[in-house]
Student: 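I have a structure here, written as structure tokens, and I will follow up with some questions on it.
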Amino acid sequence: MSGMLIQCRDVWKNYGSKQALCGLNLQLESGKIVGLLGPNGSGKTTLIKILNGLLTADNGVVLVDGAEPGVYTKSIISYLPDKPYFAGWMKVSDLFDLFEDFYMDFDREKADHMCKALQIDENLRMKTLSKGTKEKVQLILVMSRRAKLYLLDEPIAGVDPAARDYILSTILNNYNPEGTVLISTHLISDVERVLDEVLFIQNGRIIRQELVDDIREKEGKSVDELFREVFRTIPFGGGEW
Amino acid sequence: MLGKLMKYDLKSMSRAFIPMWILAPVISLLLSFSIRGMIEWTENPVLRRLLGAGNSILMIIMGLLFAAAIIGLLVMTIMFVVQRFWNGLLKEEGYLMFTLPVKVWELVVSKALTATLVSCISIVVGIFSGMILGVLSTNDIIHAFAYLWKNFLSDLIEVGPVFWINVLLFIFVLILGTASSIYHVYAAMALGHLFAVHKVVGSCVSYVGISIIVSVVKNIMSTITYYILPDEFFRINSYDMLEAASSLSLLYMMLFSSMEIIIFHVITERILSKKLNLE
């Protein structure tokens with residue numbers, strides 16, 4: 001055992017003829033907030049779904065806390081998907097019951113407390129909630145767990161800047177400091193201040209893995225600047241922006 | 001964990017079914033009273049002459065209504081069984097179910113057990129509603145059955161212990177048959193899930209494919225059984241032999257359904273364990 005929380009070796013995944021992951025390699029330790037950064041279609045969601053077992057890799061080795069995706073890894077991963085996964089008939093309290101039943105690390109008190117703070121009525125059915133409130137409920141569920149690994153897929157996409165701040169501070173104030181938070185996003189400037197480490201993903205491969213402090217010290221750049229440099233594409237018609 | 005999963009599956013299914021289970025017999029009751037009233041009305045000699053064959057038309061209408069109600073109940077049950085598996089595991093809700101720390105077989109078995117239970121209750125409610133409709137609408141049906149029993153059936157059927165064992169076996173055959181039909185649909189949907197695109201079409205094609213394979217296997221097995229069984233088995237000349245043959249046939253059907261359930265379960269579980277692709 002190397003003590004790594006996430007180990008991926010030569011992981012491949014195709015959707016029909018489209019290659020999503022092409023021999024991806026990755027090692028990640030515990031106790032960090034890590035940004036999984038890459039343009040749309042670079043393989044961020046695919047990697048996250050393979051780690052939590054919603055997709056199966058075509059080839060390669062995937063280990064989370066030393067185990068292949070399965071019952072154990074699911075019990076230590078707290079996953080925020082990129083779209084709501086609720087059954088419309090369920091009340092907020094039903095979801096809390098469900099999490100309490102299945103996840104040993106779910107803190108019901110914390111969830112109730114967060115709900116009150118956000119003035120969400122636990123007796124409301126999911127289908128009656130607005131899109132924003134649904135996202136908040138999902139965030140409450142995910143951050144009320146004391147997980148070893150938080151996989152947050154685009155948690156701030158599609159919300160206004162004020163809501164982004166709220167989401168990021170909720171994550172920062174509530175995650176288990178012994179665990180690792182992996183946040184996938186392409187909105188770098190918003191998340192940059194909370195990250196310890198970044199992974200740049202392109203065409204299904206991790207092309208750079210660095211500590212944020214190193215980027216700032218060695219290259220004298222912000223992560224956002226480095227991202228724009230690495231993923232720059234020439235605009236149609238040529239020339240620079 | 002299976003118990004906890006079933007608690008949620010039952011909760012989600014019972015929401016839609018409990019109102020229907022209450023409504024179906026109530027509607028039958030109301031319908032039977034109105035039919036009884038109409039029959040009595042048409043039995044009025046003056047009106048009867050005016051209406052001619054009114055009574056038989058009413059009976060036909062009643063039969064059609066009953067058939068429509070039962071078909072409705074069945075269609076809704078089937079749709080719900082399909083929808084709970086498709087939406088609950090293979091669409092967005094699957095994100096939640098497949099990230100719970102439970103084994104895949106537990107997810108499948110929980111869905112199958114609750115769906116079987118709900119379907120069986122629907123069947124019982126359907127039969128019960130039909131009986132209410134039949135018995136309360138007109139006394140003729142009770143009289144007809146009593147006459148049939150007294151004059152024909154009581155001579156043919158001996159109500160002894162073997163009779164009751166056969167009744168019990170018959171109920172098991174129905175339950176296992178329901179479960180294997182449900183698993184048949186699950187296996188088809190799991191196979192459809194393997195298709196990169198057009199998963200619904202893939203599921204339908206898989207359903208038909210499985211049906212063909214099952215019927216071929218059934219035919220082969222029947223042929224083999226026909227040759228294996230002694231000739232006496234097909235020359236039934238006493239009630240005891242009839243009962244024994246019935247028991248054997250029911251056991252054979254139970255065995256076949258159980259095999260179907262096991263095979264369909266393995267197909268579904270293996271695909272969802274090894275080839276899950278919630279894109």
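Given the structure is predicted, the values throughout are model-derived calculations rather than measurements.
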Student: Of the backbone (N, CA, C, O) and the side chain (C-beta and beyond), which part of A/F102 lies under 4.5 Å from a heavy atom of chain B, both, or neither?
Tutor: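 A/F102 touches chain B through backbone and side-chain heavy atoms alike.
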Student: Which one wins on heavy-atom pair count under 4.5 Å against chain B: A/T46, A/D101, A/I77?
Tutor: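 The answer is A/D101.
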Student: For the CZ atom on B/F170, are there more than 12 heavy atoms of other groups (residues, nucleotides or ligands in this structure) within a distance under 6.0 Å?
Tutor: no
Student: Say you draw a straight line from OH of A/Y85 to CD of B/E92; how long is it, rounded to the nearest 0.5 Å?
Tutor: 12.5 Å
Student: So for atom CZ, which belongs to A/R9, do other residues, nucleotides or ligands contribute more than 12 heavy atoms lying within a distance under 6.0 Å?
Tutor: no
Student: Is it the backbone or the side chain of B/K7 that comes under 4.5 Å from a heavy atom of chain A, or both, or neither?
Tutor: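 Looking at B/K7, just its side chain touches chain A.
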Student: Got a sec: does the CZ of B/F172 have more than 12 other heavy atoms crowding it under 6.0 Å?
Tutor: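 No, the 6.0 Å shell around CZ holds no more than 12 heavy atoms from other groups.
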Student: I need the A/T56 OG1 to B/L278 CG distance, nearest 0.5 Å.
Tutor: 9.5 Å
Student: In this structure, are over 12 heavy atoms from other groups packed under 6.0 Å from A/E68 atom CD?
Tutor: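 At most 12 heavy atoms, drawn from other residues, nucleotides or ligands, come within 6.0 Å of this atom.
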Student: Using non-hydrogen atoms and a 4.5 Å limit, figure out which bit of A/M104 sits close to chain B: side chain, backbone, both or neither.
Tutor: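 Neither part.
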Student: Could you tell me which of B/K275, B/K274, B/M1, B/K4 has the largest number of non-hydrogen atom pairs under 4.5 Å with chain A?
Tutor: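 If we count pairs closer than 4.5 Å to chain A, B/K4 comes out on top.
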Student: Might you confirm whether atom CD of A/E29 has over 12 heavy atoms from other residues, nucleotides or ligands at distances under 6.0 Å?
Tutor: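 Check fails, neighbour count at 12 or below.
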Student: Could you pull out every donor-acceptor pair under 3.5 Å between side chains of residues 94-123 of chain B and any protein atom, sequence neighbours left out?
Tutor:
unit_1	atom_1	unit_2	atom_2	d
B/Y95	OH	A/K49	NZ	2.7
B/T99	OG1	B/Y95	O	2.5
B/T99	OG1	B/L96	O	3.1
B/E106	OE1	B/K103	N	2.9
B/S110	OG	B/M6	N	3.4
B/S110	OG	B/D9	OD2	2.5
B/K111	NZ	B/D9	OD1	2.6
B/K111	NZ	B/D9	OD2	3.4
B/T114	OG1	B/S110	O	2.7
B/T114	OG1	B/K111	O	3.1
B/T116	OG1	B/A112	O	2.7
B/S119	OG	B/A115	O	2.7
B/S122	OG	B/W21	NE1	3.1
B/S122	OG	B/T77	OG1	3.4
B/S122	OG	B/V118	O	3.3

Student: Look at atom CE of B/M221 and say whether more than 12 heavy atoms of other residues, nucleotides or ligands are closer to it than 6.0 Å.
Tutor: yes
Student: Please look at A/D82 and chain B and tell me whether the side chain, the backbone, both or neither of the residue comes under 4.5 angstrom of a heavy atom of that chain.
Tutor: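 Side chain only.
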Student: Under 4.5 Å from any heavy atom of chain B, what part of A/L98 do you find: side chain, backbone, both or neither?
Tutor: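 For A/L98, backbone and side chain are both near chain B.
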Student: Side chain from CB out, backbone as N, CA, C, O: work out which of these in B/S273 comes under 4.5 Å of a heavy atom of chain A, or both, or neither.
Tutor: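 The backbone, not the side chain.
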Student: Given heavy-atom pairs under 4.5 angstrom as the criterion, report whether the side chain, backbone, both or neither of A/F99 touches chain B.
Tutor: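 For A/F99, the side chain is the part near chain B, not the backbone.
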Student: Non-hydrogen atoms of chain B under 4.5 Å away: do they reach the side chain of A/P69, the backbone, both or neither?
Tutor: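 When you check distances to chain B, no heavy atom of A/P69 falls under 4.5 Å.
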Student: Roughly how far, to the nearest 0.5 Å, is the NZ atom of B/K11 from the CG atom of A/D94?
Tutor: 4.0 Å
Student: Non-hydrogen atoms of chain A under 4.5 Å away: do they reach the side chain of B/L5, the backbone, both or neither?
Tutor: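 Both backbone and side chain.
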Student: Count the heavy-atom pairs under 4.5 Å between each of A/Y72, A/Y15, A/F86 and chain B, then report the option with the highest count.
Tutor: A/Y15
Student: At a heavy-atom separation under 4.5 Å, does A/D97 approach chain B through its side chain, its backbone, both, or neither?
Tutor: both
Student: With a strict 4.5 Å heavy-atom criterion, list every residue of residues 194-219 of chain B that contacts chain A, or say none.
Tutor: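 Checking residues 194-219 of chain B against chain A gives no residue, so none.
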